[in-house]
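Computation of the quantities below employed the complete heavy-atom set of this structure, encompassing side-chain atoms and omitting hydrogens, waters and symmetry-equivalent molecules. Numbering of ligands and ligand atoms starts at 1, following listing order. Everything quoted here is computed from the prediction, not taken from an experiment.
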Amino acid sequence: MVKNDRANFGSKLGVILASAGSAVGLGNIWRFPYETGNHGGAAFILIYLGCVLILGLPVMIAEFLIGRSSQANTAGAYRNLAPGTHWRWIGRLGVLTGFLILGYYSVVAGWTLEYIGEAVTNGFVGKDAEGFKSAFNQFAANPWRPMLWMILFMLATHFVIVRGVEKGIERSSKIMMPALFIIVLILVVCSVSLPGAEAGIEFLLKPDFSKVDANVFLGAMGQAFFSLSLGMGCLCTYASYFSKQTNLTRTALSVGVIDTIVAILAGFIIFPAAFSVGISPDAGPSLVFITLPNVFQQAFSGIPLLAYLFSVMFYVLLAMAALTSTISMHEVSTAYLHEEFNLSRKKAARIVTLGCIFLGIFCSLSWGALKGYTLFGMTIFDLFDYVTAKIMLPVGGFFISIFTGWYLDRKIVWAEITNNGSLRVPVYKLIIFILRFIAPISIALIFINELGLFKLL
Ligand code: PFF
């Protein structure tokens with residue numbers, strides 16, 4: 001089944017930057033800081049690091065080996081490796097999950113463009129906390145503006161995807177990821193040198209274990225999966241473009257380290273600045289779009305140029321991080337349609353883009369005109385978020401571990417992890433043990449917790 005004409009990433013650096021581009025996104029800069037804020041700072045970070053190391057990395061290696069050994073999109077991967085079985089549904093579930101996440105993720109990604117515009121045109125100046133709140137609410141409820149930004153964001157994603165794996169995904173990651181790193185570093189330096197920033201730094205470095213309960217562990221595991229793009233075949237699809245020489249274990253380690261560093265540095269941008277002006281970071285979308293613009297204005301009130309540059313750079317950073325992630329989600333569905341239905345890549349991409357815009361319109365309108373339309377008490381946007389992140393990703397991750405740990409021929413697993421015996425991987429046995437036992441059991445616990453079953457019990 002191995003097709004030799006399959007697209008490939010052109011270099012080792014391209015492999016790492018594209019995969020890290022998928023991982024680094026709104027999950028790092030928006031979700032991680034507020035989860036940290038909610039769960040007591042440094043203690044949460046320590047537990048999160050543990051989750052990345054002992055759960056995230058093995059599951060990432062599993063996705064990598066499934067993708068590379070099958071040389072196919074995620075649905076085709078399971079069909080190739082387990083022909084005639086129901087495992088192909090795991091791949092299909094991944095395609096659907098990516099498509100649905102893209103539907104609402106692109107709405108938030110679109111907001112970042114509005115905020116770049118606001119920052120560039122000095123729109124934050126002179127607003128107080130109430131002003132930022134009503135500005136955001138008015139904008140999000142507007143029927144046209146957020147929708148147009150979302151469509152523009154999807155078109156940018158589409159533009160990269162149709163250029164292909166090497167010229168589109170790899171090249172854009174090679175430009176955006178280093179730029180993103182530079183912006184992150186500049187923002188960290190500015191933020192930690194603010195007067196009164198020490199309280200924020202202490203919050204990030206001094207663990208307060210009194211806040212640690214089962215919820216913190218489970219929250220950290222969920223965050224690790226979302227942030228590392230695991231559970232929906234995204235990194236499996238990317239790995240189908242890896243060369244046979246790519247060291248899967250080392251690549252997973254690099255992606256995990258980059259993703260974690262960016263998440264922690266995002267904390268070092270947000271907390272010192274917020275603490276320095278005495279604003280406690282709220283949860284949810286409000287942190288990045290309501291609290292932060294206010295924090296930036298207040299923190300640099302003495303130096304308006306710095307407030308201006310800081311705000312512009314922050315939203316550019318957010319948009320770039322989101323773009324490298326939307327590209328990866330788009331690729332999952334595009335590769336699926338392209339390979340499974342024999343459509344040209346262009347046509348497949350067009351269908352995915354139009355489909356996501358269609359979903360995005362509903363998700364966008366659910367902040368305004370469709371706000372009253374709820375299911376289980378959730379708006380369309382919240383429902384998409386809930387169903388994908390809290391149900392579909394954990395289910396996907398669970399089955400990926402079971403598939404690799406229990407079903408897949410051990411010879412294939414060994415050949416992929418050690419590149420046919422040419423690499424020495426001292427942690428090989430540990431990876432297998434985690435995939436067989438630790439990962440499925442822990443994921444099952446996250447799943448049960450997130451559905452609220454513990455509370456019911
Ligand atoms: N990892 C991305 C982030 O942190 O924003 C989100 C994501 C991308 C989730 C790709 C899942 C995925 F397949």
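Checked for salt-bridge contact, Lys244 and Glu416 meet the test: a charged N lies under 4.0 Å from a carboxylate O.
Phe153 meets the ring-ring contact (aromatic ring centres under 6.0 Å, His included) test with no other residue; sequence neighbours excluded. In this structure Glu118 satisfies the side-chain hydrogen bond (donor to acceptor under 3.5 Å, both in side chains) test with no other residue, sequence neighbours excluded. The ring-ring contact (aromatic ring centres under 6.0 Å, His included) check on Phe384 picks up nothing, with sequence neighbours excluded.
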Give one line per pair: atom of ligand 1, protein atom, distance. Only N/O to N/O under 3.5 Å.
from: ligand 1; atom 1: 1 (N); to: Ser22; atom 2: O; distance (Å): 3.3
from: ligand 1; atom 1: 1 (N); to: Ala23; atom 2: O; distance (Å): 3.0
from: ligand 1; atom 1: 1 (N); to: Phe226; atom 2: O; distance (Å): 2.9
from: ligand 1; atom 1: 1 (N); to: Ser227; atom 2: O; distance (Å): 3.0
from: ligand 1; atom 1: 1 (N); to: Ser229; atom 2: OG; distance (Å): 3.0
from: ligand 1; atom 1: 4 (O); to: Ala23; atom 2: O; distance (Å): 3.0
from: ligand 1; atom 1: 4 (O); to: Gly27; atom 2: N; distance (Å): 3.3
from: ligand 1; atom 1: 4 (O); to: Asn28; atom 2: OD1; distance (Å): 3.3
from: ligand 1; atom 1: 5 (O); to: Leu26; atom 2: N; distance (Å): 3.0
from: ligand 1; atom 1: 5 (O); to: Gly27; atom 2: N; distance (Å): 2.8
from: ligand 1; atom 1: 5 (O); to: Tyr105; atom 2: OH; distance (Å): 2.5

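The aromatic ring centroids of Phe242 and Tyr238 lie 6.0 Å or more from each other.
Distance alone, capped at 3.5 Å, places no donor-acceptor pair between the Thr379 side chain and the Ser366 backbone.
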